[in-house]
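This report refers to the structure that appears directly beneath it.
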Protein chains: 2
Amino acid sequence: MFFKLNTSIGQPFYVQLMQQIRHAAESGALQDGDQLPGIRTLAEELVVSPNTVARAYSELEHEGLLELRQGSGAFLTIKRRARGLTERVQAASRKVEDLIEELHQEGLQDNEIWRLFETALFHRAEIGAE
Amino acid sequence: MFFKLNTSIGQPFYVQLMQQIRHAAESGALQDGDQLPGIRTLAEELVVSPNTVARAYSELEHEGLLELRQGSGAFLTIKRRARGLTERVQAASRKVEDLIEELHQEGLQDNEIWRLFETALFHRAEIGAE
DNA sequence: ACCACTGTACTGCTGTGATGCTACAGTTGT
DNA sequence: ACAACTGTAGCATCACAGCAGTACAGTGGT
């Protein structure tokens with residue numbers, strides 16, 4: 001598996017792992033029914049405690065993205081809605097990358113770009129929340 | 001002042017505050033030399049500890065965006081580079097909002113969009129870091 | 001000189017992320 | 001049946017981030 005954790009980003013390991021698994025599922029790198037590495041295996045690979053991986057897996061199970069079968073392993077369960085989402089996500093991903101590239105050409109820094117996204121999404125969330 | 005903190009986002013108050021002040025500076029809402037509200041005043045408005053505001057201010061001072069003068073207050077100091085950045089940021093801001101809107105029309109959720117930005121910017125960061 | 005304002009510094013509490021360890025329980029292949 | 005794998009669960013522990021409260025120190029107007 002090709003996950004990678006970043007200590008300097010300040011984000012919890014288990015959250016990073018969750019994000020990466022979600023992304024892998026949405027982008028099609030992982031398919032419905034695929035088996036994920038075992039908790040201990042992955043923990044050893046990433047040099048973290050098995051507990052940490054277990055937590056990520058179990059939270060993803062609550063979200064319905066994973067099915068954990070004791071004794072056999074962890075398997076991806078991609079819902080109906082998500083099928084067909086893959087292409088859209090891939091297309092969207094390209095657009096996002098393009099925009100970032102464009103803004104970068106214009107002399108904006110990564111963190112400035114990040115801030116723009118953040119505030120833009122904040123606005124939506126606030127409106128949506130009320 | 002028009003700052004607003006969000007408890008449900010999981011981001012520290014002081015970071016949120018920093019982001020919003022930076023954004024206000026970059027977007028032109030705050031000008032060079034402008035005085036910011038006092039620590040206690042702002043703290044009371046946002047219903048947080050004065051300490052929290054103090055931390056945000058002091059970190060921004062290290063970044064060089066603020067000048068803190070004990071006894072008189074906090075003042076914005078916008079560097080040369082930043083001048084002229086304003087229009088670009090505003091333009092960029094619009095592009096970002098447009099893209100988010102577009103993706104949303106295509107049926108993507110906020111958190112999925114968020115994830116896309118995150119991974120896209122991560123890639124850049126990783127490349128830049130190595 | 002004084003007072004009301006500014007930022008500063010310190011101390012302590014609390015929640016949480018992460019780890020290590022241990023023991024348990026279901027599944028699968030031999 | 002057994003062995004070797006899977007996930008589950010519960011602890012204790014450590015470190016650190018976020019936040020609050022409180023007392024201190026500089027500044028400026030009167």
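Chain naming here is simple, since letters A, B, ... match the order of the sequence lines and numbering starts at 1 in each.
When the P atom of C:dG7 is taken as reference, atom CD of B:Glu61 falls 11 Å away, rounded to whole Å. Per the geometry, CG belonging to A:Leu66 stands 15 Å off C1' belonging to D:dT8, to the nearest Å. Distance, B:Leu17 CG to D:dA17 C1': 17 Å, rounded to whole Å. Going from atom CG of B:Leu68 over to atom P of C:dA9 covers 11 Å, rounded to whole Å. Here the C1' atom of nucleotide C:dG17 and the CD atom of A:Gln16 are 12 Å apart, to the nearest Å. Rounded to whole angstrom, the span from the CD1 atom of B:Ile39 across to the C1' atom of C:dT8 amounts to 8 Å. Atom CD in B:Glu44 sits about 15 Å away from atom C1' in C:dT6, given to the nearest Å. When the P atom of D:dT27 is taken as reference, atom CD of B:Glu67 falls 12 Å away, rounded to whole Å.
Nucleotides of DNA chain C nearest to A:Phe13 and A:Gly71 differ in position, and the one nearer the 5' end is that of A:Phe13. Comparing A:Tyr57 and A:Asn51 against DNA chain D, the residue whose closest nucleotide sits nearer the 5' end is A:Tyr57. Both A:Val15 and A:Arg69 lie near DNA chain C, and the one whose nearest nucleotide falls closer to the 5' end is A:Val15. Comparing B:Arg55 and B:Arg40 against DNA chain D, the residue whose closest nucleotide sits nearer the 5' end is B:Arg55.
B:Ala74 comes within 4.0 angstrom of the backbone, heavy atoms only, and of no base.
Ionic pairing of A:Arg69 and A:Glu67 is present here: one or more N-O contacts between side-chain nitrogen and carboxylate oxygen are shorter than 4.0 angstrom. In this structure, B:Glu102 does not pair ionically with B:Lys95, as no charged nitrogen and carboxylate oxygen lie closer than 4.0 Å.
Between A:Thr52 and C:dT19 there is a side-chain N or O to OP1 or OP2 distance below 4.0 Å. Not one side-chain nitrogen or oxygen of A:Tyr14 sits closer than 4.0 Å to the OP1 or OP2 atom of C:dA18.
Remark: the A:Gln70 side chain and the C:dG26 base include no donor-acceptor N/O pair separated by less than 3.5 Å.
Between the side chain of A:Glu112 and the backbone N or O of A:Gln109, at least one donor-acceptor pair lies under 3.5 Å. A donor-acceptor pair under 3.5 Å is absent between the side-chain atoms of B:Asp34 and the main chain of B:Leu76, judged by distance alone.
Side-chain proximity of A:Pro12 to C:dA18, D:dA20, C:dT19: nearest is C:dA18.
Counting heavy atoms from C-beta on, the side chains of A:Glu97 and A:Glu101 never come closer than 4.5 Å.
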